[in-house]
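What follows is one structure encoded as structure tokens, with my remarks underneath.
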Amino acid sequence: MIIPALDVLQNQIVRLYQGKYDTAQFYPFELGARLQDYENSGAGKLHLVDLEGARDPNKKQWQHIQAATKALNVPYQVGGGIRSEQDVADWLEAGANQVVIGSMAVEKREQVKAWIEKFGSEHFVIALDVNKTDNGWAPATHGWLSESEFGLFELVDFYVALGVVDFLCTDISKDGTMTGPSFALYEDLTNHNSEIKVQASGGVSSLDDIAKLKKLGVGGVILGKSLLDGAFNVEEALACYQNA
């Protein structure tokens with residue numbers, strides 16, 4: 001599946017380089033119109049991130065994002081600043097198909113487990129952002145500023161046991177770089193568990209990258225900067241994914 005993605009900062013569409021806020025590149029597109037474009041181009045699912053909320057839950061841009069998603073007919077997943085059971089409830093009520101849980105899924109596993117048990121595992125995407133270390137893939141948290149005590153596969157196994165199948169995994173060194181995805185990461189994940197649906201994110205810069213990811217068995221490819229910069233469009237990405 002091809003999943004176009006939009007990150008929002010200061011109520012504007014933005015891309016960061018390797019998750020660093022001081023690298024913000026803003027785009028002059030209106031959020032609702034851009035989402036509609038992606039839907040009209042045939043995308044079956046969309047991905048949204050509130051970067052303001054991710055950094056400071058008191059500065060959530062949820063009203064802005066929810067106003068932009070109201071007209072959508074395709075499912076969307078949303079992340080950024082989701083820190084409580086009420087936050088999860090609010091987004092599902094606002095029409096989100098799934099919530100994306102990142103830092104909380106690493107640091108407060110029991111709390112997230114309770115949310116999954118309450119709302120149903122199908123409503124959750126677990127986002128694990130990793131750095132490659134000498135000991136393997138190390139998940140990072142808090143806007144990628146700190147490292148987790150758990151390994152990547154340990155966290156995947158914990159959430160699979162709760163019924164979660166959707167995992168969004170990003171190699172931080174690749175994010176927003178357009179230098180090609182972290183094929184080794186997705187190969188390791190699909191080898192570890194072929195039943196999960198891994199969403200590949202970060203570094204996708206060509207249709208060739210999409211074809212390679214599909215062959216590795218990923219369940220979805222998240223496209224942010226490549227679509228915004230016009231490296232290719234949604235229709236081309238969909239055709240490539242379907243034919244790979």
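Bear in mind that the values here come from a model prediction, so they are computed numbers and not experimental data. Both backbone and side-chain heavy atoms feed into the values below; hydrogens, waters and symmetry mates do not.
Checked by atom type and distance alone, the side chain of S194 never pairs as donor or acceptor with a backbone atom of T190 at under 3.5 Å. Side-chain atoms of R109 do not come within 3.5 Å of backbone N or O of L155 as any donor-acceptor pair. Listed for the Y38 side chain is no donor-acceptor partner under 3.5 Å among the backbone atoms of P4. Judged purely by atom type and a 3.5 angstrom limit, T133 uses its side chain to pair as donor or acceptor with the backbone of N135. A donor-acceptor pair under 3.5 Å links the side-chain atoms of H123 to the main chain of N97, judged by distance alone. No donor-acceptor pair closer than 3.5 Å links the side chain of K45 to the backbone N or O of P75. With hydrogens and angles disregarded, no donor-acceptor distance shorter than 3.5 Å links the side chain of Y17 to the backbone of Q25. Between the side chain of Y27 and the backbone N or O of I13, no donor-acceptor pair lies under 3.5 Å. Judged purely by atom type and a 3.5 angstrom limit, E52 uses its side chain to pair as donor or acceptor with the backbone of Q10. Remark: the backbone N or O of L216 is not paired with any side-chain donor or acceptor of E187 at under 3.5 angstrom.
In summary, the side chains of W137 and D188 do present a donor paired with an acceptor at a separation below 3.5 Å, with no hydrogens or angles considered. For D50 and H64, the side-chain atoms include no donor-acceptor pair closer than 3.5 Å. Side-chain N/O atoms of Q199 and Q77 include a donor and acceptor closer than 3.5 Å. Between the side chains of D171 and S173, at least one donor N or O sits under 3.5 Å from an acceptor N or O. If you check the side chains of D166 and Q98, you find a donor sitting under 3.5 Å from an acceptor. Side-chain N/O atoms of D90 and Q86 include a donor and acceptor closer than 3.5 Å.
Summarising the hydrophobic clusters (Ile, Leu, Val, Met, Phe, Trp, Tyr; side-chain heavy atoms under 4.5 Å, direct or chained), the residues clustered with V165 are none.
With a 6.0 Å cutoff to the six-membered ring centre and a 45° limit on the axis angle, K60 counts as a cation-pi contact of W62.
Below 30°, between 30° and 60°, or above 60°: for F124 and F119 the angle between ring planes is between 30° and 60°, a tilted geometry.
For the pair V221 and M1, the minimum side-chain heavy-atom distance is 4.5 Å or more. Contact annotation: the side chain of D37 never approaches that of F29 to less than 4.5 Å [non-hydrogen atoms, C-beta and beyond]. No side-chain heavy atom of L152 sits under 4.5 Å from any side-chain heavy atom of H192. Contact check for V8 versus L51: no side-chain heavy atoms found under the 4.5 Å cut-off. Proximity of F167 to K197: side-chain heavy atoms (C-beta onward) are nowhere separated by under 4.5 Å. Two residues are said to be in side-chain contact when any heavy atoms from C-beta on lie closer than 4.5 Å; R55 and L9 meet this criterion. Between V106 and L128 there is a side-chain heavy-atom pair separated by less than 4.5 Å.
Hydrophobic clustering keeps L162 apart from V125 (ILVMFWY residues linked when any side-chain heavy atoms are closer than 4.5 Å, directly or through intermediates). Both L46 and I2 are part of a single hydrophobic cluster, where members link through side-chain heavy atoms under 4.5 Å apart. Follow the hydrophobic side-chain contacts under 4.5 Å out from I222 and you never reach V130; the two are in separate clusters. Linking ILVMFWY side-chain heavy atoms closer than 4.5 Å, directly or via other members, places L35 and V78 in a single hydrophobic cluster. By the criterion of side-chain heavy atoms lying less than 4.5 angstrom apart, applied directly or through intervening Ile, Leu, Val, Met, Phe, Trp or Tyr residues, L168 is not grouped with V49; the two fall into different hydrophobic clusters.
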Please assess T179 against S205 for the test side-chain contact (heavy atoms from CB on, under 4.5 Å), listing each intermediate value before the final yes or no. CA-CA 6 Å; T179 56; S205 60; over 6 Å; no
Might you work through the side-chain contact (heavy atoms from CB on, under 4.5 Å) test for F153 and N193, ending with a clear yes or no? CA-CA 9 Å; F153 301 126; N193 185 333; over 6 Å; no
Verdict with reasoning, C169 to D129, per side-chain contact (heavy atoms from CB on, under 4.5 Å): CA-CA 6 Å; C169 294; D129 304 318; over 6 Å; no
Go through the steps to decide whether L31 and Q12 satisfy the test side-chain contact (heavy atoms from CB on, under 4.5 Å), and finish with yes or no. CA-CA 7 Å; L31 183 60; Q12 298 173 74; over 6 Å; no
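Taken from CG in N11 to CD in E30, the straight-line distance is 10.5 Å, to the nearest 0.5 Å. Between the CG atom in N233 and the OG atom in S41 there is a gap of 6.5 Å [rounded to 0.5 Å]. Rounded to the nearest 0.5 Å, atoms OH (Y159) and CD1 (I116) are 6.0 Å apart. Taken to the nearest 0.5 Å, the CD1 atom of I101 stands 8.5 Å off from the CG atom of D87. Taking NZ of K212 as the start and OH of Y186 as the end, the distance is 14.0 Å to the nearest 0.5 Å. Distance CD1/I65 to OG1/T69: 8.0 Å, rounded to 0.5 Å.
Summarising the geometry of V88 relative to V99, their closest heavy-atom pair is CG1-CG2, 4.1 Å, with the distance given to 0.1 Å. Here the closest heavy-atom approach between residue M104 and residue W115 is recorded as CE-CH2, 3.6 Å. Q36 approaches A71 most closely through the heavy-atom pair OE1-CB, 3.7 Å. The two atoms that bring V100 and I82 nearest to each other are O-CD1, 4.1 Å, heavy atoms only. When all heavy atoms of A244 and A211 are compared, the closest pair comes out as CB-CA, 3.8 Å. For I3 against G220, the heavy-atom pair with the smallest separation is CD1-CA, 4.3 Å.
Annotation: K59, atom NZ; neighbour count of heavy atoms from other residues, nucleotides and ligands within 6.0 Å does not exceed 12. Few gaps surround CG on D22; more than 12 heavy atoms of other groups in view lie less than 6.0 Å from it.
When the options C240, S226, P181 are evaluated for a side chain to side chain contact (heavy atoms under 4.5 Å, CB included) with I210, the one that passes is C240.
Under the 4.0 Å criterion applied to side-chain N and carboxylate O atoms, K225 and D229 are assigned as salt-bridge partners.
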